[in-house]
Amino acid sequence: ESTKLRNENLRPSQVYIAIRKVYFSVFRVYKLTIFCWNMRLSAPFALLALIPLSASFAPLSHSLRTTPAWTHISSSSDLKSTSQSSVSVTEPDDNFSSATAFETTMLADQRVVTPKLSFRPPFPEERGKGGVHALESIAALEVIARIPRNMIIATCDSPTRAVAATAEADCFSWAADLCAATLVALSPDDNDSSSSDSSVLAKQTWVANWKAGGWATDGADLGPADVDWGPKCCTGSLLSTGSDNDKEVYAKFRFPCHPTVFRAGSGLALLSGAEEQDALDALLLRGRAFRGMRSALSPLVPNPSSERKGSINERRAWDVADTLSRVLSRATTMNLTVNDDDDDDDKEVSTFAVVPVHERLAHCDARGENSKLVSSGDEVLLVATRDIEVGEDITRDYTAAPKLDGDTSEGALRLLLQFGLPPNAW
């Protein structure tokens, strides 16, 4: 009896047991919270980490102000009637420089003729797409803009230097051809074009002011700068991060690829509503496409940007990656007339191109695009496909844009990853 009594006295009280359970429950929650915060693996933390302020996916992250519906940058002089209207919009960001460059290089000297269009800098939430409106009513089949042929970048017009570079690429693709032509336009020399010096300079300025691109062109798309496996772990940019051997390198850590790319794939899936494997496959495909052209196109970058620290060869490769992302987000297909050297006759060919004005149009709604590119001699015309009302956005259909070879992404995943389009465009 004395032993039994002693054992009962040593038994923990119910109060102690309750306190112990609460303590360990709180401790487990605390450890789980710290783990999720560090790795950004839970859905709430992933959304907070992967939705950057610069992308303006969260409308409340930007202050609102009342301003004219759009600050016109137009070739028309009669803007008074439209500038009186006002709506609540967000403040433009660094994209203002792109609109200013477009005005000075394309519109100011009537190089690109747009008598019925109005331009404003894209707002942050538009991610570089939009800001082109109808200044007057436009009838179906009416010419909206006239762009000189020598101002566009097209694979069928690639300079000799660009063709020679892509011939050295590990794999051939339209993306490599168009990226090479863009890099040559960005850093031209005397042998690249027969166009006037002013046209070459205008095209160079236009390309140099491309800022927006596909998702994660800006490291802010990957979340805070200090997060593990986020922007600080990128090698230049997300597109240039990783290698073809990553599957074997990281297999012992149970990662199918570079951890930064893996985390980005999870975040991209959360944002777009796609399957994680589909998002990861799309990211890996872009990485392989870049690595297939990296060594061949790097020599086309004589003066790499100094924004990121690295060797000159690394910075050249990173500039190629950025250019590829921006080209993919702007590219289109169209028919152009070229001279056939065999019989000295002109023939029409299908080509990949980036065209001023067209490359920054907003994505169309359910009604479809209201503009289309048409070749006409030494000009490329932007023609209305239907009647367009005053103030209506001029649009294009990004789902009809060319894909990388092997790309099977669709819907929101593709619109976000390739073009950087915001949720309201999906």
Side-chain angles (χ1 to χ4, degrees), residues 31-58 61 127 212-291 308-310 314 317-318 321-322 324-325 328-329 404 407-409 411-423 426:
K31 294 294 290 183
L32 179 61
T33 302
I34 294 299
F35 174 77
C36 291
W37 177 254
N38 288 334
M39 296 302 295
R40 302 296 202 271
L41 294 179
S42 67
F45 285 124
L47 286 173
L48 289 174
L50 292 165
I51 302 177
L53 294 180
S54 62
S56 192
F57 278 22
S61 65
R127 297 174 65 87
W215 186 74
T217 302
D218 183 352
D221 284 346
L222 300 176
D226 60 341
V227 68
D228 291 335
W229 307 119
K232 69 178 183 180
C233 296
C234 286
T235 309
S237 67
L238 181 65
L239 184 56
S240 57
T241 298
S243 70
D244 292 330
N245 299 321
D246 282 348
K247 186 174 181 179
E248 291 75 20
V249 171
Y250 294 100
K252 59 183 177 181
F253 303 110
R254 300 298 189 269
F255 279 111
C257 60
H258 193 288
T260 302
V261 179
F262 179 76
R263 175 183 173 274
S266 299
L268 181 60
L270 284 169
L271 291 174
S272 62
E275 295 292 333
E276 286 196 13
Q277 190 59 51
D278 292 340
L280 184 59
D281 288 344
L283 286 176
L284 294 176
L285 177 67
R286 288 165 62 89
R288 287 193 296 270
F290 159 69
R291 291 189 291 274
R308 293 161 292 199
K309 293 182 179 179
E314 288 174 330
W318 298 340
D322 291 344
L324 174 61
S325 181
L328 290 174
S329 72
L404 286 173
D407 184 9
T408 59
S409 61
L413 173 59
R414 185 187 176 214
L415 292 176
L416 175 59
L417 178 58
Q418 181 172 343
F419 309 105
L421 291 168
W426 305 345

Please find the pair of heavy atoms, one from [X] and one from [Y], that lie closest to each other, and give the distance.
{"X": "Gly265", "Y": "Ala279", "value": "O-CB, 3.5 Å"}
{"X": "Val227", "Y": "Lys232", "value": "O-CE, 3.4 Å"}
{"X": "Pro231", "Y": "Pro224", "value": "CD-O, 3.3 Å"}
{"X": "Leu283", "Y": "Val261", "value": "CD1-O, 3.9 Å"}
{"X": "Arg291", "Y": "Thr241", "value": "NH1-O, 4.2 Å"}
{"X": "Thr235", "Y": "Trp318", "value": "O-NE1, 3.2 Å"}

Which residues pass the side-chain hydrogen bond (donor to acceptor under 3.5 Å, both in side chains) test with [X], sequence neighbours left out?
{"X": "Ser329", "value": "none"}
{"X": "Ser240", "value": "Ser237"}
{"X": "Asp246", "value": "Ser243"}

(request) Mark yes when over 12 heavy atoms from residues, nucleotides or ligands other than Lys247 sit less than 6.0 Å from its NZ; otherwise mark no. (result) no

So [Y] and [X], do their side chains get closer than 4.5 Å, heavy atoms only?
{"X": "Pro259", "Y": "Phe253", "value": "no"}
{"X": "Leu222", "Y": "Trp215", "value": "yes"}
{"X": "Ser325", "Y": "Arg286", "value": "yes"}
{"X": "Leu284", "Y": "Cys257", "value": "yes"}
{"X": "Asp221", "Y": "Arg127", "value": "yes"}
{"X": "Leu421", "Y": "Leu416", "value": "no"}

(request) Before accepting this row, confirm whether a basic side-chain N of the pair Asp278/Arg414 lies closer than 4.0 Å to the acidic partner's carboxylate O. (result) no

(message) Could you check whether Arg308 pairs with Asp322 (Lys NZ or Arg NE/NH1/NH2 to Asp/Glu carboxylate O, under 4.0 Å)?
(response) yes

Please report the interatomic distance [atom1]([X]) to [atom2]([Y]), rounded to the nearest 0.5 Å.
{"X": "Leu413", "Y": "Ser409", "atom1": "CG", "atom2": "OG", "result": "5.0 Å"}
{"X": "Arg263", "Y": "Cys233", "atom1": "CZ", "atom2": "SG", "result": "9.0 Å"}
{"X": "Thr260", "Y": "Trp229", "atom1": "OG1", "atom2": "CH2", "result": "6.0 Å"}
{"X": "Asp407", "Y": "Gln418", "atom1": "CG", "atom2": "CD", "result": "6.5 Å"}
{"X": "Trp426", "Y": "Leu415", "atom1": "CH2", "atom2": "CG", "result": "8.5 Å"}

